[in-house]
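So the structure is just underneath, and the comments pick up after that.
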Amino acid sequence: LFRIILNSMATLKEIDLKHRFVAQPEAWYSTEVFSTSIDRIKSIVVNFHEKPHFSFRLTKDEDLIKIDPFLDSMKIDKPLNKEHVIQFLLEFETKNFESRLKNDSAIQYIRVNKPVFTIELEDLLNEKRFIKLYKIPGEFQGQDLTNGILDATGKKLPFNIEKYWAFSSYSKDYVLTQHYVFGPVLLPYSYFFEGK
């Protein structure tokens with residue numbers, strides 16, 4: 001038994017923890033934006049600021065789900081596509097941002113510009129959380145922020161299409177987010193109905 005313990009201790013001596021754990025405190029802070037199970041969701045609002053005809057409010061009362069457009073003229077009188085609605089709601093179980101913004105100029109840019117999307121969730125305890133997403137300019141302070149992606153004609157893109165700058169109400173942080181993460185909930189009002 002003593003030999004086994006000594007062998008175990010010798011093995012532990014060889015483990016180099018500095019390659020497994022980051023020493024920066026901010027790397028340990030939560031990146032959570034939304035973390036709400038379907039049964040705890042009361043309402044969700046998705047506001048497409050540049051395309052208000054896509055915007056909607058989903059309300060849920062026990063098993064009854066209702067989706068209304070921001071614009072009454074866009075009202076669709078068709079049954080909801082249950083599969084689309086459930087998949088949308090499941091997305092809110094885990095939504096995180098990528099990292100906190102440290103660039104003061106980027107934060108100032110967010111403060112003076114309008115968001116392109118706002119996503120707000122209210123739970124059954126009436127707690128509200130939201131995230132406002134802002135387009136990242138293709139060029140900012142002399143740097144190309146498009147990751148070298150060009151449009152179909154070979155021109156530089158005016159905005160980064162893979163990421164957004166954002167403000168998260170839950171952590172009260174200015175952050176960087178991925179379209180890959182938030183794209184699945186940036187769906188137009190018409191998406192939720194049969195035949196669409």
Handout entry: Pi-cation contact, Phe193 with Lys78 (under 6.0 Å, within 45°)
Key = no
Practice task
Starting at CD of Glu32, measure out to OG1 of Thr94 and round the result to the nearest 0.5 Å.
Solution key: 8.5 Å
Problem - Heavy-atom closest contact (Pro188 atom, Phe48 atom, distance) - result: N-CZ, 4.0 Å
Practice task
For residues Tyr170 and Arg129, report the shortest heavy-atom separation together with the two atoms involved.
Solution key: CE1-NH2, 3.0 Å
Problem - Shortest non-hydrogen contact from Leu101 toward Leu176 - result: CG-N, 4.3 Å
Exercise for the section: May I ask you to check whether Tyr164 and Phe182 place their ring centres under 6.0 Å from each other? Expected result: no
Problem - Ile86 reachable from Leu187 in the ILVMFWY side-chain graph, under 4.5 Å edges - result: yes
Handout entry: Sub-4.5 Å side-chain heavy-atom contact between Ser35 and Phe92
Key = no
Handout entry: Single-linkage hydrophobic cluster Ile161~Val181, side-chain heavy atoms < 4.5 angstrom
Key = no
Exercise for the section: Determine whether Leu90 and Val33 fall in the same hydrophobic cluster, where Ile, Leu, Val, Met, Phe, Trp and Tyr are linked whenever their side-chain heavy atoms lie under 4.5 Å apart. Expected result: yes
Handout entry: hydrophobic_cluster_shared for Ile76 and Ile67, side chain cutoff 4.5 Å
Key = yes
Problem - Atom NZ of Lys75 with >12 non-hydrogen neighbours under 6.0 angstrom - result: yes
Problem - Straight-line distance of Ser169 OG to Lys128 NZ, nearest 0.5 Å - result: 10.5 Å
Problem - Modelled atom types, side-chain donor and acceptor of Tyr189 and His53, under 3.5 Å - result: no
Problem - Note, Leu186 side chain near Leu133 side chain (heavy atom, < 4.5 Å) - result: yes
Handout entry: Heavy-atom side-chain contact between Ile41 and Asp123 under 4.5 Å
Key = no
Exercise for the section: Given ring-ring contact (aromatic ring centres under 6.0 Å, His included), test His84 with Tyr191 step by step and report yes or no. Expected result: CA-CA 8 Å; His84 286 185; Tyr191 171 81; 4.1 Å; yes
Handout entry: Pi-cation contact, Phe130 with Lys132 (under 6.0 Å, within 45°)
Key = yes
Exercise for the section: Can you see which heavy atom on Leu80 is nearest to which on Ile65, and at what distance? Expected result: CD1-O, 3.5 Å
Practice task
Determine, stepwise, if the pair Ser105 / Phe140 fulfils side chain to side chain contact (heavy atoms under 4.5 Å, CB included).
Solution key: CA-CA 9 Å; Ser105 297; Phe140 189 72; 3.9 Å; yes
Practice task
Check whether the ring centres of Tyr174 and Trp165 lie less than 6.0 Å apart, and answer yes or no.
Solution key: no
Handout entry: Beyond-backbone contact of Phe192 with Asn81, side-chain heavy atoms, under 4.5 angstrom
Key = no
Handout entry: Interatomic distance, Leu157 atom CG to Glu162 atom CD [nearest 0.5 angstrom]
Key = 9.5 Å
Practice task
Apply the test side chain to side chain contact (heavy atoms under 4.5 Å, CB included) to residues Lys60 and Ile38: give CA-CA distance (whole Å), side-chain angles for both, the deciding distance (0.1 Å), then the verdict.
Solution key: CA-CA 9 Å; Lys60 191 169 81 55; Ile38 286 181; 4.3 Å; yes
Practice task
Using a 4.5 Å cut-off on heavy atoms from C-beta on, say whether the side chain of Tyr109 contacts that of Pro137.
Solution key: yes
Problem - Worked check of salt bridge (charged side-chain N to carboxylate O under 4.0 Å, His left out) between Asp173 and Arg100 - result: CA-CA 7 Å; Asp173 284 312; Arg100 287 167 176 78; 2.9 Å; yes
Handout entry: Single-linkage hydrophobic cluster, 4.5 Å side-chain cutoff, Val175 and Tyr180 together
Key = yes
Completion exercise
One should read off an interatomic distance between Phe97 CZ and Phe167 CZ, to the nearest 0.5 angstrom, of 10.5 Å
Problem - Exceeds 12 heavy-atom contacts within 6.0 angstrom, atom CG of Asn126 - result: yes
Handout entry: Shortest non-hydrogen contact between Thr59 and Ser43, atoms and distance
Key = CG2-CB, 4.1 Å
Handout entry: Residue pair Glu98, Lys163: steps toward the salt bridge (charged side-chain N to carboxylate O under 4.0 Å, His left out) verdict
Key = CA-CA 9 Å; Glu98 182 178 318; Lys163 299 189 180 191; 3.0 Å; yes
Practice task
Show your reasoning for whether salt bridge (charged side-chain N to carboxylate O under 4.0 Å, His left out) applies to Arg40 and Glu127.
Solution key: CA-CA 11 Å; Arg40 299 190 55 75; Glu127 180 186 338; over 6 Å; no
Fill in the blank from the handout: Pro52 and Leu71 have their tightest heavy-atom pair at C-CD1, 4.0 Å
Exercise for the section: Please assess Phe56 against Val45 for the test side chain to side chain contact (heavy atoms under 4.5 Å, CB included), listing each intermediate value before the final yes or no. Expected result: CA-CA 6 Å; Phe56 63 90; Val45 174; over 6 Å; no
Problem - Any side-chain donor near an acceptor of the partner, Thr118 and Asn47, under 3.5 Å - result: no
Practice task
Start with the C-alpha gap between Phe88 and Leu58, add the side-chain angles, then the distance that decides, and say whether side chain to side chain contact (heavy atoms under 4.5 Å, CB included) holds.
Solution key: CA-CA 10 Å; Phe88 173 77; Leu58 178 150; 4.1 Å; yes
Exercise for the section: Carefully, step by step, assess Lys135 and Glu50 under the rule salt bridge (charged side-chain N to carboxylate O under 4.0 Å, His left out). Expected result: CA-CA 11 Å; Lys135 290 180 180 177; Glu50 296 177 349; 3.2 Å; yes
Handout entry: Student check: side-chain heavy atoms of Lys42 and Glu122 closer than 4.5 Å
Key = yes
